[in-house]
Trainee: 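The structure follows.
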Amino acid sequence: ENKAPAAEGGTAAAPSAEKKLSVGFSQVGAESAWRTAETKSIRGEAEKRGVDLKFADAQGKQAQQIQALTSFIAQKVDFIVLAPVVETGWEVVLRQAKEANIPVILVDRGIKVSDDSLYTTLIASDFVAEGRMAAEWLAKQTNGKANIYELQGSTGAAPAIDRKKGFEEGIQQYPEMKIVKSQSADFTRAKGKEVMEAFIKSDRDQIQAVYAHNDDMALGAIQALDEAGMKPGEQVTVISVDAVKGAFEAMVAGKLNATVECNPLMGPLVFDTINKLRAGEKVEKFIQSKDQLFEKTSAAQVIGSREY
Ligand code: GYE
């Protein structure tokens, strides 16, 4: 059979114009300020680096994420970036990506799979650690005695599962810290207000502290507490996670007591990681973002430097 001349030491075909790196990004949705900050960071960085980014917003539905990944595979993208809305149900589509030799980079939320070769790396915070930080802060703030009302994130999502787990571990050693009621408010401000209104209706005089898995739900809860004349940030201690701008504004106003940062500005790290993989370098299976807790006492000095 006739071999290509290049294979016999002839002149290799002239290299075509450098093909643009193509990346398919399947995003959860636009449920919170944190989420839109993450989207902005990844899309902005792709723009800056001249990457052909195909973006798909799944409106919070896993079926739409799976559809997007199937389409990225058909388009033969070079890499897939996935922020998985829930932990389970990814085996089939990730196996298809693996068979198509398309590396998958998870951002922001982890997954449960039987074979972890189905994704290359996870770039995220440690949500269990965030839950523990929130619990330890609340224990100090309340001298280890509080009736806590918990607003959980989206059912089945890694941050909701792990922030609950870490918080429960953190309060275990304090017998007088109790989670009296706990319900999902799906990471949104509107649902956070709704669920808090229900808690107030049934348990008004018992509520001493609110633990929200993200700032958007905390801000909704604060609105409900305000409308019920319950002094959030003073009579009721409120702590949440994300550290978005709205949380700093609420802390400056004295209505939110503390928030644990979960950094969404992953754009540069995502594309640096892709470049390492393209250069054949090994990357860690879990690339962890560092988090820290902010309190209302320092919010006024810090708010000006916040990027999201
Ligand atoms: O805390 C919340 C968003 O997955 C870490 O999802 C993310 C969470 C974040 O809706 O605001």
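Counting starts at 1 for both ligands and their atoms, following the listed order. Computation of the quantities below employed the complete heavy-atom set of this structure, encompassing side-chain atoms and omitting hydrogens, waters and symmetry-equivalent molecules.
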Trainee: Restricting to non-hydrogen atoms, name the atom on Gln235 and the atom on Met230 that form the minimum distance, rounded to 0.1 Å.
Mentor: OE1-O, 2.9 Å
Trainee: Find the distance between CG (Leu256) and NZ (Lys296) and round it off to the nearest 0.5 Å.
Mentor: 9.0 Å
Trainee: I want to check a possible cation-pi pair here: Arg35 against Phe187, using under 6.0 Å from ring centre and within 45° of the ring axis as the test.
Mentor: no
Trainee: Can you work out which protein residues put a heavy atom within less than 4.0 Å of ligand 1?
Mentor: Glu31, Ser32, Trp34, Arg35, Asp108, Arg109, Phe127, Pro159, Arg163, Phe187, Asn214, Asp242, Cys262
Trainee: Will you find, in the side chains of Asp291 and Ser125, an N or O donor that is under 3.5 Å from an N or O acceptor?
Mentor: yes
Trainee: Working to the nearest 0.5 Å, report the span between CG of Asp116 and CG of Leu122.
Mentor: 11.0 Å
Trainee: Is it the case that the side chains of Glu150 and His213 hold a donor-acceptor pair, with the cut-off being a distance below 3.5 Å and no angle test?
Mentor: yes
